[in-house]
Each structure stands twice: as C-alpha cells, then as structure tokens.
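Single-structure report; data block below.
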Amino acid sequence: PALTATGAGVGTGTGTAIAAQTNMTVNYTTVVGNNYRIIFDTVVFDTNAAYNTTTGLYTAPVSGIYNLQGTLIPTVGSNIHIYKNNADYAIISTNSSGNNTTIGGVLLNLAAGDTISLNAEGTTTFDGVAPEVRQGFGINLIAGASASSSGTGALVAMRAHAPTSPATITSAADIASWGTVDQDTSGSFNATTGHFTVPVSGTYAILAGFDFSGTWTGQTTQDRKSVV
C-alpha cells in the first residue's frame, strides 16, 4: 500500500514534470515461461521518451519516488508482476480469465537508469483491440529534484506490505497488520500498531491491495497485500 499527501507543508521539489502513459492497441500473447515481459505498443505521452515499445522497459530518467498505475485484463488467468531492473519487485494476482487487474498507487524508489516492466506468468493473451478494454500503465515522478513543484517542504509518502501471515481479522475494529515498511519519508507509520500518524495537514490519498482466499496469508517480499 502507499500513501501520499499534498498540503501547506508538502512539496515535491522544482523543475519539470516527468510522466508517461502507455496503451495496448493490438492483441498481445505472452509465451510459456517465468514472468514474460508484457509489451505496450502505443505511447500516449512520454515527457522524457523513457518507455521503449520494443523492449517493454521504462527507464527512470532521474532519481526519485515514482507512482505506477495501470490496468490489465488477461483472457487466461495469470499473475502479473512488476519487475525492477529485471528482478521481481511486486506481484498483483488475477487467477481467473477476464479479471480486471488494477495496479494502483505502487510507489517505486528509483535511481536514474533503473528499469521497470510489467510481466505475466505463463501463456496468456491481452485484448488490446476492443475499445472498451483499454490496457496500459502510467508512471510519474512524485518526489525528486526534477518533480513538479506543489508547495513547500518535503513529500509525505509511505508504503508497507505483509510478508508473513498476520492475525486473523474478525471484525471492523481489527487493524490490518503490515509488518514491513518499504518506504516512509516522514517516519510516520508504526508497523507494530498498524497506525499511520499524519505529520502535516493536507489531502491524503490511501491505496491498498488485498488477496482474500478464506484466510489472509502473507507472502514473500513480492507481496500482493500492501497499503500505500
């Protein structure tokens, strides 16, 4: 999961915006193999020409914290992975055909030159032709020397995930456990209590991902249960 905020005490630096959006306009089939890279053939916009429609790689033009969002609908059930520098970084699950896999609010701490891609397990087809099924992903820099200015101060952002099985949640009063903090720019999240303490006044966006299968089972570092 991840959390970001804007307000009087929040800013992201100075300079020009860095952002890209890709789409898929042709049917694309991945082949049998472990985490085959998905190719998006169309660039809607790309401020730094950082996405390669041949390799399927987005290369970070500058160091900073990036926000990744997207939508994929495989026709055959498949797990979708985010790869950073050709290594598994996170997994988003879709176990039945036709499911809408939404990638929302994944924060990536990238150095200039780091690469990001979306990968699928095994053989599956993505329908890029149907106009009502628009598949693609977007990425933008939200904190760093070249991020767009939005105030004064430092960006507030955090991401945590559950690497092990947490206690069973039986009521709305129970607090979900996120045992591992991946990013916390203000040291505001307590992994023991599950509480995020707001450091400054402002408008916050909260995004979370869960995979329910009767019980909430923790995963490895490539965990699909997280909060941002």
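Sequence positions, counted from 1, serve as the residue numbers for this chain.
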Would you sort out whether V62 and L141 count as a side chain to side chain contact (heavy atoms under 4.5 Å, CB included), showing the intermediate values? CA-CA 9 Å; V62 299; L141 178 69; 3.7 Å; yes
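- Separation of atoms CG (L107) and CG (D184) is listed at 11.0 Å; rounding is to 0.5 Å.
- Shown here for V26 and M24, the closest heavy-atom pair between the two residues is O-CG, 3.3 Å.
- Here the straight-line distance linking atom CG of N23 with atom OG1 of T71 works out to 9.5 Å at 0.5 Å rounding.
- Every pair tested for side-chain hydrogen bond (donor to acceptor under 3.5 Å, both in side chains) that includes a residue from residues 43-61 fails, sequence neighbours excluded, so the list is empty.
- In this structure, OG1 on T22 lies 9.0 Å from CG on D41, to the nearest 0.5 angstrom.
- Note that CZ of R37 is 14.0 Å distant from NE2 of H81, once rounded to the nearest 0.5 Å.
- Contact detail for V198 and V200: the closest heavy-atom pair is CG1-O, 2.9 Å.
- Nearest approach of V181 to A191, heavy atoms of both residues: CG2-CB, 4.2 Å.
- Through ILVMFWY side-chain contacts below 4.5 Å, L57 is grouped with nothing and stands alone.
- Put simply, CG on N140 and CD on Q69 are 7.0 Å apart, with the number rounded to the nearest 0.5 Å.
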Side-chain atoms of residues 111-118: list all donor-acceptor pairs with protein atoms under 3.5 Å, sequence neighbours left out, distances to 0.1 Å.
residue : atom : partner : partner atom : Å
D114    : OD1  : N85     : ND2          : 3.1
D114    : OD2  : A111    : N            : 2.8
S117    : OG   : N119    : OD1          : 2.8

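- When all heavy atoms of P61 and Y66 are compared, the closest pair comes out as CD-OH, 3.4 Å.
- Within the 4.5 Å cutoff, no side-chain heavy atoms of N190 are placed close to those of F196.
- Looking at every heavy atom in both residues, N109 comes nearest to K84 through O-NZ, 2.9 Å.
- Ring centroids of F40 and F137 are separated by less than 6.0 Å, placing the two rings close together.
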